[in-house]
Each structure stands twice: as C-alpha cells, then as structure tokens.
Novice: 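This structure is in structure tokens; I'll ask about it shortly.
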Number of protein chains: 2
Amino acid sequence: MDALAVPSNPFFGVGPISDGSCDAQDMADKRAAFETWLIETYRKQDATGRDIGGYSAAELALSMHRGEPADSILRDMMRTIHGYFGFPASNRMAVGLGGGHTGFTVAVQHLMTLHDPAQQVFVDTPMPETSAAAACGFFRQSWATQIIEMCALARDGTTDALHFASSDGAIPDRAELERRGIRLFIGVGHETTGASTYTTAQMRGLLDWLAGDPENRHAILDATSLLGAMPWSEAMNAEVLARCCVFMPLQKAIGGVAGYWVASFTPQALAQIERNLQRPSWAIPRQQCLAVPTDPSRPLSGGRSVANGPFYDPVADRMTGGVINTYSLLAFAETTFALRRQRERIGPVEVLNARSMANRQRIEDWVASEPLFDFAVPEPERRGAAVTLLRVIDPEAGPHHARILAKAKQLLGHEGLVDQAGHRQPGLNAARYVNAFPGMPGDFRAWIGGIRPPEDIDALLSAFKFAWLEARAAVLAEG
Amino acid sequence: MDALAVPSNPFFGVGPISDGSCDAQDMADKRAAFETWLIETYRKQDATGRDIGGYSAAELALSMHRGEPADSILRDMMRTIHGYFGFPASNRMAVGLGGGHTGFTVAVQHLMTLHDPAQQVFVDTPMPETSAAAACGFFRQSWATQIIEMCALARDGTTDALHFASSDGAIPDRAELERRGIRLFIGVGHETTGASTYTTAQMRGLLDWLAGDPENRHAILDATSLLGAMPWSEAMNAEVLARCCVFMPLQKAIGGVAGYWVASFTPQALAQIERNLQRPSWAIPRQQCLAVPTDPSRPLSGGRSVANGPFYDPVADRMTGGVINTYSLLAFAETTFALRRQRERIGPVEVLNARSMANRQRIEDWVASEPLFDFAVPEPERRGAAVTLLRVIDPEAGPHHARILAKAKQLLGHEGLVDQAGHRQPGLNAARYVNAFPGMPGDFRAWIGGIRPPEDIDALLSAFKFAWLEARAAVLAEG
C-alpha cells in the first residue's frame with residue numbers, strides 16, 4: 001500500500017484545542033517568540049516614567065495578580081478576546097477562574113430569578129430522565145439538571161417556570177416562545193459531545209424573539225466551541241454575539257490556557273442582573289459573583305452592583321473590577337499571544353468562521369463518497385462546524401465493531417497494531433484522542449474548526465478509513 | 001552609605017509564591033530541567049508494551065485531560081502533594097478548577113447541612129457588620145458572609161445554627177464548643193491579610209474536641225498559606241492534617257500553578273458528606289460536586305456517592321473519579337516537579353515547617369532591636385509563620401506616613417526615587433509587591449515561610465528600613 005499522508009499534527013482532541021504547533025521544535029520556537037513578545041510588550045518604568053526594560057517570563061511567573069503589570073496583562077487579554085471574536089462594544093465581558101461549567105453557573109445564577117413570576121425559562125433539551133432525554137448531548141442535559149436543582153433547593157424555589165425542549169438542541173419558533181411567555185432562553189451553541197449546532201432558521205427565530213423585547217428577553221448560549229466556528233451568515237454571527245449572553249472557557253474555541261472562563265452580557269442583561277441581585281434567589285459564592293458590595297463594610301445588608309464587577313468594558317478599554325482569585329499572568333499573556341498569532345496566521349474571525357464552514361463541507365463531500373462512514377447528526381445544517389462526529393457503517397465488522405474501533409485508534413495514535421504472528425505495525429501518529437463521548441452515537445470525534453488547513457482534513461479522513469480497514473483485517477484474522 | 005545587601009530574589013508577594021528561582025536564567029534552567037524530567041517520566045508504549053519515547057511538553061500541551069498520560073500526571077501530582085505535606089493515608093484529597101474561594105465553597109457546601117438540627121456551626125470570626133468585625137481578616141469575614149448567604153437563601157434555610165467568634169481567629173475552648181453543641185468548626189489556619197494563625201493552646205483545644213467525637217465533629221480549615229509553615233509541634237502538625245478537613249489552592253503554600261484547588265477530608269467527614277447528600281440542602285454545581293450520580297441516566301432521582309468523586313485515594317494510589325472540567329496537564333506536571341525540586345533543595349516538610357518558624361523568629365529578633373518597626377499582630381504566638389505584616393512606628397513621619405510608605409515601596413521595587421533636584425535613585429529590586437491588604441493595620445507584608453534562606457530575611461528587613469529612611473528624607477525635603 002502507498003504511504004499514507006498524515007495530518008500536520010495529530011491533536012484533534014476536544015479538550016485543549018490545537019494552537020497550530022506541529023511538533024516540539026515548532027512549539028519551542030513559539031515559546032521563544034512569546035517570551036520575546038512579553039519583554040517587548042510589558043515594560044517597566046522608573047519613578048520618572050523612563051523605560052527601564054521589559055518583564056521576563058520568569059518575573060511574570062512570580063508577579064502579583066494586582067497592580068502592574070498584571071492589570072495590563074488582564075486588560076490586554078480581555079481586549080484581544082473581545083475584539084478578535086467580534087463582540088460589540090455594547091457588551092461587557094466578565095472573567096473568572098474555573099472552566100465552562102463555572103461560566104455556565106455564573107450566567108444562570110445571575111440572569112435567572114425566582115422573584116419575577118413573569119420570568120419563564122426555556123432550556124434547549126428535554127427534561128432529564130424522560131425518555132426523550134436518553135440520547136441527548138451531555139452538556140445540555142448537565143445544564144438542565146443543574147438548573148432544576150438550583151430552582152428546587154432555593155428558599156423561594158419552584159421549577160414551575162422551567163420549560164424543556166421536546167428534542168435535543170431545539171429552539172421553538174418565535175410565536176411559541178412568546179406564547180409560553182419565555183423571558184430567558186438557555187442553550188448550547190455548538191454541543192461537542194453530540195457535535196450539533198442550531199440551524200439558520202432556529203437562530204433567526206431566536207434572534208427575532210430577542211429583538212422583540214430586548215429589555216425583558218435574554219438568551220444564555222454556551223459558546224465553548226462556537227467562537228470561530230459560527231456556521232451562519234456573517235451578519236447573523238454578529239447578531240448572535242450582540243443579542244445573546246455567551247460564556248466559554250479560555251481553552252477551547254478561544255485557544256487559550258485551561259482554568260478560566262469568560263462571559264459576555266448585553267447591557268439589558270446587566271440591568272436585569274442588577275435588578276435580580278436586589279433580591280437574590282440563591283447564594284452566589286464571591287468568586288462567582290458579578291456584582292460587588294457597594295460598601296465593603298456592609299457585605300450583607302449593603303447594596304451590590306455590577307458596576308464594579310469583574311468585567312472588561314470595551315468602551316473605556318478597562319476592567320471595572322478585579323478577578324477573584326489569583327490567576328496566572330503567564331496563562332493570560334499566553335492567551336493574548338495565541339490569539340494575536342492566530343490573527344497573523346489565519347486572519348480575522350470572519351476568515352476563521354469561513355474556514356470552519358469550508359472544512360465542514362470538505363467532510364460532507366468525503367462522507368458522501370464513502371459508504372463506510374456517516375455522520376452522527378442526521379440533519380446537515382445541525383452539524384457543528386468545529387467538532388465532527390462520524391459513525392462507521394460496516395456490515396463486515398459484524399459483532400466486532402468495538403474491537404475494531406479500539407484497534408483503529410491504536411493505529412491512529414502512537415500505539416500501533418500487533419497481528420497474530422506478533423508483527424508490529426507502528427502507530428501512524430495521525431490522530432490522537434478522537435474518542436466519542438461515552439453514550440454518544442459516534443465512533444470518531446475530532447475538533448477541526450477553522451484552525452486546520454484543508455489538507456489536514458483530507459489526511460485525517462483517509463487515516464480514519466485506512467486505520468479502520470487495517471484494524472478490521474487484524475481483528476477478523478484473530479476471529 | 002555602604003552597599004545594601006538585597007534578597008536573592010525580590011518576590012515576596014502573597015499572590016503566587018516564589019518557587020526559588022532567582023532570575024531569568026535560573027528559571028530558564030529550571031524550565032529545561034522540567035522538560036527533561038517530563039520526557040523521562042511520562043513515556044509512551046506501543047501496543048506490545050514496548051517503550052517508544054517520552055511525551056514532550058509540546059505534546060502534553062495538546063493532550064486530552066482524560067486517559068493517558070493525563071491520568072498519570074493527575075495521579076502523580078495528587079500523590080506528591082498528599083505525600084510531601086504529610087497527609088495521612090486515611091484522608092482522601094479532592095481536586096478541581098478554581099482558587100481558594102472555590103475550595104472553601106466546595107468544603108462548606110458538602111459538610112454543612114440544614115437537615116440535621118444537631119449540626120451547630122462555629123465560624124472563627126465575628127458576625128459580619130458587627131462592630132467586632134471591623135478590623136478582622138478579610139478571608140475570615142468573606143467566608144462568614146458566604147455561609148450566612150448560603151443558609152439564608154436555601155429552601156429550608158435558617159441562620160439559627162451559626163455561631164460566630166467574639167474576636168477574629170478565636171477558637172473557643174473545648175468545653176465551650178461542647179456546651180454550644182458545635183458539630184462543624186470553620187476557620188482559617190493562617191490568615192494572610194491579617195498575618196495571623198492559631199496558638200498551640202487553641203489548636204490543642206480544637207483537636208481534643210474533634211477527638212472527642214470524630215464521627216460527628218468536623219473542622220474545615222483554610223490551609224492556603226498553612227502548609228509548610230505550620231507553627232506547632234511536629235506531632236501537632238500531623239494531628240491537624242489527620243483530624244481536620246483542609247482546603248487550599250495550588251499556587252500558594254503548595255507552590256504550584258494558579259487555577260486549581262485541592263481539599264482533604266477525613267473518612268468520617270466523607271461519611272457525613274454521603275449522608276448530607278442524600279437530602280441536599282442547596283444546589284451544588286456539577287464542577288464543585290464531590291459526589292457523582294451512581295446512575296448517569298438518573299442525575300436527579302438516582303443516588304449520589306463520594307465513592308466516584310474527584311478524589312485521590314492514597315491507599316490505592318489512584319483517583320476515584322475525574323476532574324471537572326479540562327485542566328492543564330502542564331500546570332499539574334509543573335506542580336509535581338516544583339514539589340519534587342523543593343524536597344531536593346530544602347528537604348521534607350518537617351524541615352520546611354522548622355525553617356518557617358526559624359524565619360519567623362529571625363523577624364522577631366530583628367523587630368525587637370528596631371524601634372522603627374513593630375508587628376501588626378500583637379500576640380507573638382498568633383503571628384503566622386508564612387506571611388509577616390509589619391508596621392512602621394515613626395514619630396518623625398508626622399502626617400506623611402502614607403507618602404513615605406509609597407516612596408519606600410518604589411525604592412524597594414524597580415521604580416526608584418527622584419528627589420526635588422531631579423536626581424534619580426535607582427530601585428533596589430529588593431522587594432516587590434509587599435503591600436498590606438486594604439484596611440489591614442500594617443505597612444509591609446511579605447510571604448517568607450520556609451522557602452527563603454535566612455540571609456534573605458536579613459536582607460529584606462534591612463532593605464525595608466533603608467527604603468523607609470531614604471523615602472522619609474525625600475518626603476521631608478519636599479515638605
């Protein structure tokens with residue numbers, strides 16, 4: 001058999017996403033460039049304002065997370081995220097420690113309230129534990145469970161205001177949202193366990209519904225895997241970021257370092273939060289609170305305001321408050337540097353979005369010509385443009401599907417295969433960590449988005465097929 | 001004036017603590033050693049079990065947080081933290097994303113319950129917003145506020161079971177704890193804004209009270225700044241770690257990377273948590289939950305158990321469950337490496353604790369001979385062995401105290417001073433970020449612990465005095 005082309009790097013996992021480094025040397029070069037950039041960018045001044053040199057990575061590793069240079073590093077990261085992904089100047093962006101789960105928790109703890117009977121809440125997945133919930137995306141179900149517990153266990157708690165979808169990832173049309181009196185929509189923009197997203201028609205309905213009463217209607221979207229892989233028109237992408245509140249960790253679509261979340265809020269949502277917190281529905285731990293006591297000596301009985309919360313205000317280009325707790329200056333600076341590098345290498349976010357859709361189309365074309373493979377998501381428009389989830393349809397595999405799959409992944413990774421005679425076939429190092437989430441109807445899952453060059457897609461898909469066939473031969477020979 | 005000796009590195013901040021790197025070259029050497037260690041430690045095997053090379057830092061940066069090598073990296077970090085600091089084999093240690101605030105939140109959300117009328121709770125600080133609370137340590141007051149809100153806003157909420165201390169950092173004697181029927185004690189082992197800790201007598205009382213009924217009496221201690229700077233006898237230090245549940249972020253006393261917390265629990269506390277969660281008092285977001293649904297398809301109505309929670313079990317040397325969400329493999333590996341290096345450079349934790357106390361004594365001796373300086377904490381035994389907080393008592397400063405202090409810090413850092421004639425005195429680069437927490441009664445705050453060599457302490461204190469006198473001269477000349 002001819003030598004197989006393999007992707008420029010084997011990392012398609014849906015944990016940390018690739019920053020485009022191909023190998024150890026490439027990453028060492030990037031690290032050197034990062035450290036040079038740090039020294040050039042973060043400068044020390046003496047008491048006269050004279051420049052007396054730059055901060056090294058070593059110094060930043062030990063610097064405090066308050067004052068300079070921390071304040072500049074934080075502000076630069078927030079400005080870069082906010083600007084690169086095209087958030088509108090009207091929407092402030094909060095930041096804190098934790099992952100996507102924390103971003104979600106922060107968003108719902110603030111935007112939901114039990115004290116406004118008019119606030120009906122829609123969640124884009126079936127009620128957990130119903131039969132419709134069985135094959136739903138893990139994150140949607142996880143958010144639904146958390147919301148139910150929040151409402152059920154709060155002092156004035158009730159789950160009466162919660163509305164669930166009839167199927168996973170569904171958005172009712174505008175009339176239905178209005179008929180039900182929904183005030184808050186909660187959904188996942190691109191669900192990575194099921195690899196699904198919203199159609200243009202769904203999103204159009206949601207946006208029109210929001211536009212119908214921006215003061216009182218809000219949407220929280222999980223954008224963990226959505227930024228840079230938004231599959232709608234450019235105008236609609238911009239409208240989504242303008243009208244919805246979105247949260248995401250740094251380490252996925254943003255391409256930064258694990259351990260932090262950011263979340264953007266419309267001005268109307270911030271006004272709603274300010275109202276909600278006048279009479280809180282549940283305790284919000286300090287590190288998750290978007291509002292700060294207006295009088296530090298009266299943390300219980302004094303007022304609270306989002307005005308001094310941990311937000312980046314793009315109009316003033318400043319943070320309105322500090323981050324709780326200590327963050328890593330290097331992690332934030334690395335995130336800024338990675339996005340700057342991405343803009344240089346790939347272009348503005350519009351290009352990234354377009355590349356994501358082109359890559360998705362490339363997979364569509366390949367699958368259309370490969371009877372062995374199919375998508376886990378049946379409707380083409382609901383297939384996410386970042387994460388793809390493929391099924392193998394192989395009658396010859398018989399009862400050995402799972403064994404073949406496991407061996408195929410060994411061959412795709414570094415483990416390789418050993419046949420019955422003990423002959424060893426080295427690993428291709430073509431695709432590591434391409435596992436489907438447990439319980440999801442797929443075999444190979446890969447984060448592709450707009451980061452990867454088209455030739456990597458071709459190589460990846462060919463490698464999937466090659467590995468499956470080799471593994472099948474090995475398994476069937478074993479009997 | 002003679003040249004002033006300055007500390008081997010200027011970082012004494014109470015954000016990230018020093019890992020002992022002196023300068024950029026030293027840190028680059030450490031980084032190279034770390035990357036070599038990574039490759040030697042985390043190895044790839046092919047399908048026959050044959051070693052086929054090590055994981056580079058570049059690969060780990062892109063590897064998934066599930067499976068290998070992630071599982072080994074996580075387990076190694078937990079084993080190293082658990083082992084180095086001397087936690088007993090009986091106590092499991094949980095881990096998650098966030099900082100100290102998240103560790104605190106996790107501990108109280110699980111160990112507190114509103115459904116056991118016998119559970120009276122003692123918090124080691126006065127009730128917030130009372131007059132006694134005015135000058136209390138920030139973290140103690142923050143924890144107290146959060147506990148009140150948790151109890152007040154829960155479905156079956158009441159604050160009737162909460163007992164507050166009459167003064168900050170107070171532990172009632174055993175008889176008093178028993179008289180009040182306390183079942184849960186919540187306190188801060190070494191409070192860094194006020195630089196205070198517990199006396200031996202206080203801790204003896206707490207431990208005896210715990211020993212009196214280990215099944216039903218529990219203590220949660222904030223150990224953010226306590227590990228490696230425990231100021232009691234070796235036997236008592238071990239007893240504290242055995243009988244109390246303690247939480248801490250990675251980036252302080254542990255010397256790791258910001259963005260994560262760990263927390264240890266006694267077996268009896270885990271049993272209590274298991275009981276509490278049969279009837280939860282409040283919603284615990286999934287990423288903070290120590291118990292996992294026993295049936296994934298029944299997240300609401302099914303059972304929950306700590307048996308599969310995100311714990312390190314030292315007896316089996318394994319994680320009983322996974323971490324929510326994505327963590328940085330490199331951050332965890334760096335934390336392991338830093339602790340291994342610390343053991344090589346400084347020795348076991350007993351040596352570190354002893355050095356902390358010796359360093360604290362060195363400061364005592366110096367302050368005793370320097371009328372210009374005094375401690376913010378009046379009682380010697382309550383002074384923490386990690387963080388020191390000094391006041392300047394200078395009648396000559398008159399109304400210019402704050403101005404002199406600001407200029408002294410410029411001189412201690414890199415900014416330096418400029419006198420009226422425009423003459424510039426370069427910064428000493430002796431001590432950056434030595435600010436007291438806002439509202440706390442001190443002028444210079446420094447993290448010292450057992451990491452710093454004694455000569456650094458001498459140099460730091462001399463630099464404080466030198467800087468104050470120079471700054472005073474400059475300010476008084478300005479008039």
Side-chain angles (χ1 to χ4, degrees), chain A residues 11 13 15-16 18 21 23-24 27 44 46-48 52 56 58 61-62 64-65 97-102 105 128-129 142 145-146 148-150 153-155 157 249 251 257-260 280 282-283 285-287 298-301 324-328 331 410 414-418 424 427 433, chain B residues 11 13 15-16 18 21 23-24 27 44 46-48 52 56 58 61-62 64-65 97-102 105 128-129 142 145-146 148-150 153-155 157 249 251 257-260 280 282-283 285-287 298-301 324-328 331 410 414-418 424 427 433:
Chain A
F11 296 101
S18 173
S21 298
D23 53 30
M27 187 165 269
K44 299 173 205 165
D46 73 8
T48 68
I52 53 171
S56 69
L62 301 177
M64 280 289 284
H65 60 295
L97 274 69
H101 282 72
T102 314
T105 304
E129 302 194 7
S142 185
T145 302
Q146 195 166 323
I148 292 168
E149 290 177 338
M150 258 177 75
L153 294 169
R155 166 153 235 158
Q251 95 285 353
V257 177
Y260 307 92
W282 27 66
R286 181 164 171 271
Q287 76 276 10
R298 293 176 58 215
L300 290 166
S301 65
I324 311 287
N325 306 106
T326 307
Y327 54 87
S328 159
Q410 283 179 210
H414 63 254
E415 298 89 340
L417 284 182
V418 192
R424 174 179 174 273
Y433 317 116
Chain B
F11 296 101
S18 174
S21 298
D23 52 31
M27 186 165 270
K44 299 174 208 166
D46 71 11
T48 69
I52 54 170
S56 68
L62 300 177
M64 281 289 285
H65 60 295
L97 274 70
H101 281 73
T102 313
T105 303
E129 303 194 6
S142 185
T145 301
Q146 194 167 322
I148 292 169
E149 290 178 338
M150 258 177 74
L153 293 170
R155 165 153 235 158
Q251 94 285 354
V257 176
Y260 307 93
W282 27 66
R286 181 165 171 272
Q287 75 277 9
R298 294 175 59 215
L300 290 166
S301 65
I324 311 287
N325 307 106
T326 306
Y327 55 86
S328 160
Q410 284 180 209
H414 62 252
E415 297 89 341
L417 283 182
V418 192
R424 175 179 172 274
Y433 316 116

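Residue numbering restarts at 1 for every chain, and letters A, B, ... go by the order of the sequence lines. As the structure is a prediction and not an experimental result, all values here were calculated from the model.
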Novice: Looking at A/M64, A/M27, A/E149, which one has more heavy-atom pairs under 4.5 Å with chain B than the rest?
Specialist: A/M64

Novice: Residues in side chain to side chain donor-acceptor pair (under 3.5 Å) with B/Y433, at least two apart?
Specialist: A/S63

Novice: Counting only non-hydrogen atoms closer than 4.5 Å, does A/L300 touch chain B with its backbone (N, CA, C, O), its side chain (CB onward), both, or neither?
Specialist: both

Novice: Indicate yes or no: at least one non-hydrogen side-chain atom of B/H414 is less than 4.5 angstrom from one of A/D46.
Specialist: no

Novice: For the residue pair B/P249 and A/T326, establish whether any side-chain heavy-atom pair is separated by less than 4.5 Å.
Specialist: no

Novice: Taking side chain as everything from C-beta outward and backbone as N, CA, C, O, which of these in A/Q251 sits under 4.5 Å from a heavy atom of chain B? Side chain, backbone, both or neither.
Specialist: side chain

Novice: Of all of A/G99, A/G13, A/A47, which one pairs up most often with chain B through heavy atoms under 4.5 Å apart?
Specialist: A/A47

Novice: Minimum heavy-atom separation for B/A258 to A/Y327, with atom names?
Specialist: CB-C, 3.8 Å

Novice: Who pairs with B/R298 by salt bridge (Lys or Arg N to Asp or Glu O under 4.0 Å), at least two apart in sequence or on another chain?
Specialist: none

Novice: When heavy-atom pairs shorter than 4.5 Å are enumerated against chain B, which of A/S56, A/P280, A/S142, A/S301 gives the highest number?
Specialist: A/S301

Novice: Tell me, for A/R286 versus chain B, whether the close heavy atoms (under 4.5 Å) come from the side chain, the backbone, both or neither.
Specialist: both

Novice: Roughly how far apart are B/I324 CD1 and A/H101 NE2, rounded to 0.5 Å?
Specialist: 5.5 Å

Novice: Looking at chain B, which one of A/G259, A/A331, A/G15 has the largest number of heavy-atom pairs inside 4.5 Å, strictly under?
Specialist: A/G15

Novice: Is chain B contacted by the side chain of A/I148, its backbone, both, or neither, given a heavy-atom distance below 4.5 Å?
Specialist: side chain

Novice: Where does A/T145 contact chain B at under 4.5 Å (heavy atoms): side chain, backbone, both or neither?
Specialist: both

Novice: With chain B as the partner, which of A/A61, A/A154, A/G427, A/G157 has the greatest number of non-hydrogen pairs under 4.5 Å?
Specialist: A/A154

Novice: Any donor-acceptor pair under 3.5 Å linking the side chain of A/N325 with the backbone of B/G100?
Specialist: yes

Novice: Looking at A/P128, A/S328, A/P285, which makes the most heavy-atom pairs under 4.5 Å with chain B?
Specialist: A/P285

